[in-house]
Visitor: 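Handing you this structure, nothing more for now.
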Amino acid sequence: MSSLFSDVGSAQSQRDEKYVAQMIALDKILTDWTDKRLSNQDALFHADKVMENIVAIGTVDGDHARSVLQSRGIDDQRRLNLQRDYQALKQQMGQEYHNMETLDLAIAFLGQPAAENRI
């Protein structure tokens, strides 16, 4: 029988892993787009879906997610580059990028103190 605490920790860990998986997917999509292996339309479709998935995940442990992302080659600078590339893609497709908070959720814990390092 598992305790409530371990169930909560397990659920948190699962959210963190889902977030990491989505950020890795976004990295691949935007890399393929910048390398011209994906059309603007296909890249935008897939990137928007990933962003919807990230928002649906909810709160993640920023410290843990950052650590796992870094171990998978996505550091703070790469996440900022992903934000820039996503914005450029939206603009190329004629979509204004007013919903900065969506991708800001994905990078919100950059530079914040550990106690506040949650998104």
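We're numbering straight along the sequence, starting at 1. A quick note: this is a predicted structure, and the numbers were derived from the prediction, not measured.
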Visitor: Please check this pair: side chain of Asp35 against backbone of Arg37, looking for a donor-acceptor N/O pair closer than 3.5 Å.
Guide: no
Visitor: How long is the straight-line distance from OG of Ser13 back to NZ of Lys18, given to the nearest 0.5 Å?
Guide: 11.0 Å
Visitor: Give the minimum heavy-atom separation between Asp75 and Gln70, together with the two atoms involved.
Guide: CA-CG, 4.0 Å
Visitor: Considering non-hydrogen atoms only, spot the tightest contact between Ala47 and Leu26 and give its length.
Guide: CB-CD1, 3.9 Å
Visitor: Give a yes or no on whether the backbone of Asp61 and the side-chain of Asp16 come within a donor-acceptor separation of less than 3.5 Å.
Guide: yes
Visitor: Give me the atom names and distance for the closest heavy-atom approach of Val50 to Ala25.
Guide: CG2-CB, 4.1 Å
Visitor: To the nearest 0.5 Å, what is the distance between NZ (Lys49) and CG (Asn53)?
Guide: 5.0 Å
Visitor: I'd like to check Asp85 versus Leu89 (side-chain heavy atoms, cut-off strictly below 4.5 Å). Are they in contact?
Guide: no
Visitor: Measuring only between side-chain heavy atoms, which start at C-beta, is Met23 closer than 4.5 Å to Asp27?
Guide: no
Visitor: Compare every heavy atom of Ile57 with every heavy atom of Gln22, then report the nearest pair and how far apart it is.
Guide: CG-CD1, 4.0 Å
Visitor: Taking the side chain as every heavy atom from C-beta outward, state whether Asp48 and Tyr86 have any atom pair closer than 4.5 Å.
Guide: yes
Visitor: Test side-chain contact (heavy atoms from CB on, under 4.5 Å) on Thr31 and Arg78; report intermediate values, then the result.
Guide: CA-CA 11 Å; Thr31 297; Arg78 180 62 188 142; 3.2 Å; yes
Visitor: How close do Leu38 and Ile29 get, heavy atom to heavy atom, and via which atoms?
Guide: CD1-O, 3.8 Å
Visitor: Under a 3.5 Å distance rule, please check whether Thr34 uses its side chain to pair with a backbone N or O of Leu30 as donor and acceptor.
Guide: yes
Visitor: Could you go step by step and tell me if Tyr19 and Leu69 meet the side-chain contact (heavy atoms from CB on, under 4.5 Å) rule?
Guide: CA-CA 9 Å; Tyr19 169 80; Leu69 281 169; 3.7 Å; yes
Visitor: If hydrophobic clusters are built from ILVMFWY residues whose side chains come within less than 4.5 Å, do Val55 and Phe45 share one?
Guide: no
Visitor: Using the rule given for salt bridge (Lys or Arg N to Asp or Glu O under 4.0 Å), can you reason through Arg66 versus Asp63, listing the C-alpha separation, both sets of side-chain angles and the distance that settles it, and then say yes or no?
Guide: CA-CA 5 Å; Arg66 172 186 261 163; Asp63 290 329; 5.2 Å; no
Visitor: Hey, mind stepping through Gln12 and Arg15 against side chain to side chain donor-acceptor pair (under 3.5 Å) and telling me if it holds?
Guide: CA-CA 5 Å; Gln12 180 65 58; Arg15 281 193 305 273; 2.7 Å; yes
Visitor: Side-chain contact test, heavy atoms from C-beta onward, threshold under 4.5 Å: evaluate it for Asp32 versus His46 and give yes or no.
Guide: no
Visitor: What distance separates Leu44 CG from Trp33 CH2, expressed to the nearest 0.5 Å?
Guide: 9.5 Å
